[in-house]
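Only one structure is covered here, and it is reproduced in the block below.
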Amino acid sequence: NVLSKIFGLINFLYAALLQSVWPLCAEAKYKDDKSIYNQIKVKYIGFGAILVFAISLFIYLARDLIILLLARDAGISFSFTLIAFFAIYHMIRIWTDTYAMFLLSTGNMRFLYISVPCQALLSGVLQWYGSVLFGLPGIILGLIMSYILTVSWILPYSFNKNVQGRLCR
């Protein structure tokens with residue numbers, strides 16, 4: 001729960017960042033300029049990955065202090081594996097959230113309507129199995145696998161095929 005709250009801050013910051021980029025994406029579609037999407041991908045996914053890595057490293061190095069300050073009497077610990085799984089999950093979220101915003105900003109939501117419910121269903125099943133087999137790290141691993149098996153490739157594929165393929169023709 002403590003790690004979820006700390007890493008949740010990353011999602012909040014990145015979501016705010018994506019909201020600020022939405023008008024640029026709408027303008028890119030209006031101008032039929034796919035170079036704007038490419039610039040946003042490189043700049044913002046890169047920034048998000050650096051942010052996740054830096055916060056993950058900080059959490060790992062300061063984990064005893066974080067537990068002392070935020071969960072003194074909870075009797076918890078943060079293993080390297082758990083921190084790494086949270087980092088991987090949030091890097092995948094940065095990737096998928098960026099492509100979801102691209103699709104939403106262009107009004108191309110068909111693949112979102114299909115892939116997100118599939119991801120959610122698969123997520124529930126994989127988290128349950130992961131928790132039974134591995135405990136808390138298994139829950140995060142179930143989330144990671146549900147994203148990898150669905151939206152992490154479906155959303156970029158949909159964007160590249162249905163949006164970028166139509167731009168600049």
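Everything numeric in this text was worked out from a predicted model, so none of it was measured.
- Looking only at atom types and distance, the side chain of Y99 has no donor-acceptor partner in the side chain of S158 under 3.5 Å away.
- Counting heavy atoms from C-beta outward, I50 and F53 have side chains that stay 4.5 Å or more apart.
- Note that CZ of F78 is 10.0 Å distant from CG of L136, once rounded to the nearest 0.5 Å.
- L141 and I148 fall within the same hydrophobic cluster, where Ile, Leu, Val, Met, Phe, Trp and Tyr residues are linked whenever their side-chain heavy atoms come under 4.5 Å apart, directly or through other members.
- Linking ILVMFWY side-chain heavy atoms closer than 4.5 Å, directly or via other members, places M101 and F47 in a single hydrophobic cluster.
- When the side chains of ILVMFWY residues are joined at heavy-atom separations under 4.5 Å, either directly or via intervening members, Y157 and L104 end up in two distinct hydrophobic clusters.
- From L9, atom CG reaches atom OG of S4 across 12.5 Å, with rounding to the nearest 0.5 Å.
- In this structure, the side chains of Y14 and I45 come closer than 4.5 Å at one or more pairs of heavy atoms.
- Aromatic rings from Y60 and F80 are positioned such that their centres are separated by under 6.0 Å.
- Judged as a ring pair (Phe, Tyr, Trp, His ring centres under 6.0 Å), the pairs with a partner in residues 105-147 (not counting sequence neighbours) are, in order, Y89-Y147.
- Between S146 and T150, the closest heavy-atom pair is O-OG1, 2.5 Å.
- Hydrophobic clustering keeps W153 apart from I114 (ILVMFWY residues linked when any side-chain heavy atoms are closer than 4.5 Å, directly or through intermediates).
- In plain terms, the two heavy atoms of V151 and S115 that are nearest each other are CG1-OG, 3.5 Å.
- Put simply, the side chain of S105 does not reach to within 4.5 Å of the side chain of K29, judged on heavy atoms.
- Side-chain contact between L155 and T98: absent, with no pair of heavy atoms (C-beta onward) separated by less than 4.5 Å.
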Does the pair V2 and I67 meet the rule for a side chain to side chain contact (heavy atoms under 4.5 Å, CB included), with working shown? CA-CA 8 Å; V2 173; I67 291 169; over 6 Å; no
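- If you chain together hydrophobic residues whose side chains sit under 4.5 Å apart, V52 and L61 fall into the same group.
- A pairwise comparison of heavy atoms in P137 and F85 identifies O-CD1, 3.4 Å as the closest pair.
- I40 places a side-chain heavy atom less than 4.5 Å from the side chain of C25.
- Rounded to the nearest 0.5 angstrom, M91 CE and T96 OG1 are separated by 13.5 Å.
- Residue N11 holds its CG atom at 7.0 Å from CD1 of I94, rounded to the nearest 0.5 Å.
- Annotation: side chain of W95 is in contact with side chain of S152 (closest heavy-atom distance under 4.5 Å).
- Nearest heavy-atom pair across L143 and S123 is CD2-OG, 3.4 Å.
- Minimum interatomic distance between S20 and P23 (heavy atoms only, all atoms of both residues): O-CD, 3.5 Å.
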Go through the steps to decide whether Y30 and T106 satisfy the test side chain to side chain contact (heavy atoms under 4.5 Å, CB included), and finish with yes or no. CA-CA 9 Å; Y30 176 75; T106 60; over 6 Å; no
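- Taking each heavy atom of I36 and L24 in turn, the nearest pair found is CG2-O, 3.9 Å.
- Using cut-offs of 30° and 60° on the angle between ring planes, the pair F159 and F102 is tilted.
- Contact of the L18 side chain with the D97 side chain is registered, since non-hydrogen atoms from C-beta on lie closer than 4.5 Å.
- By the 4.5 Å side-chain criterion applied to Ile, Leu, Val, Met, Phe, Trp and Tyr, L121 is assigned to no cluster and stands alone.
- Looking at S35 and D33, their side chains do bring a donor and an acceptor atom within 3.5 Å of each other.
- Residues L149 and L126 meet the side-chain proximity criterion, which asks for heavy atoms closer than 4.5 Å.
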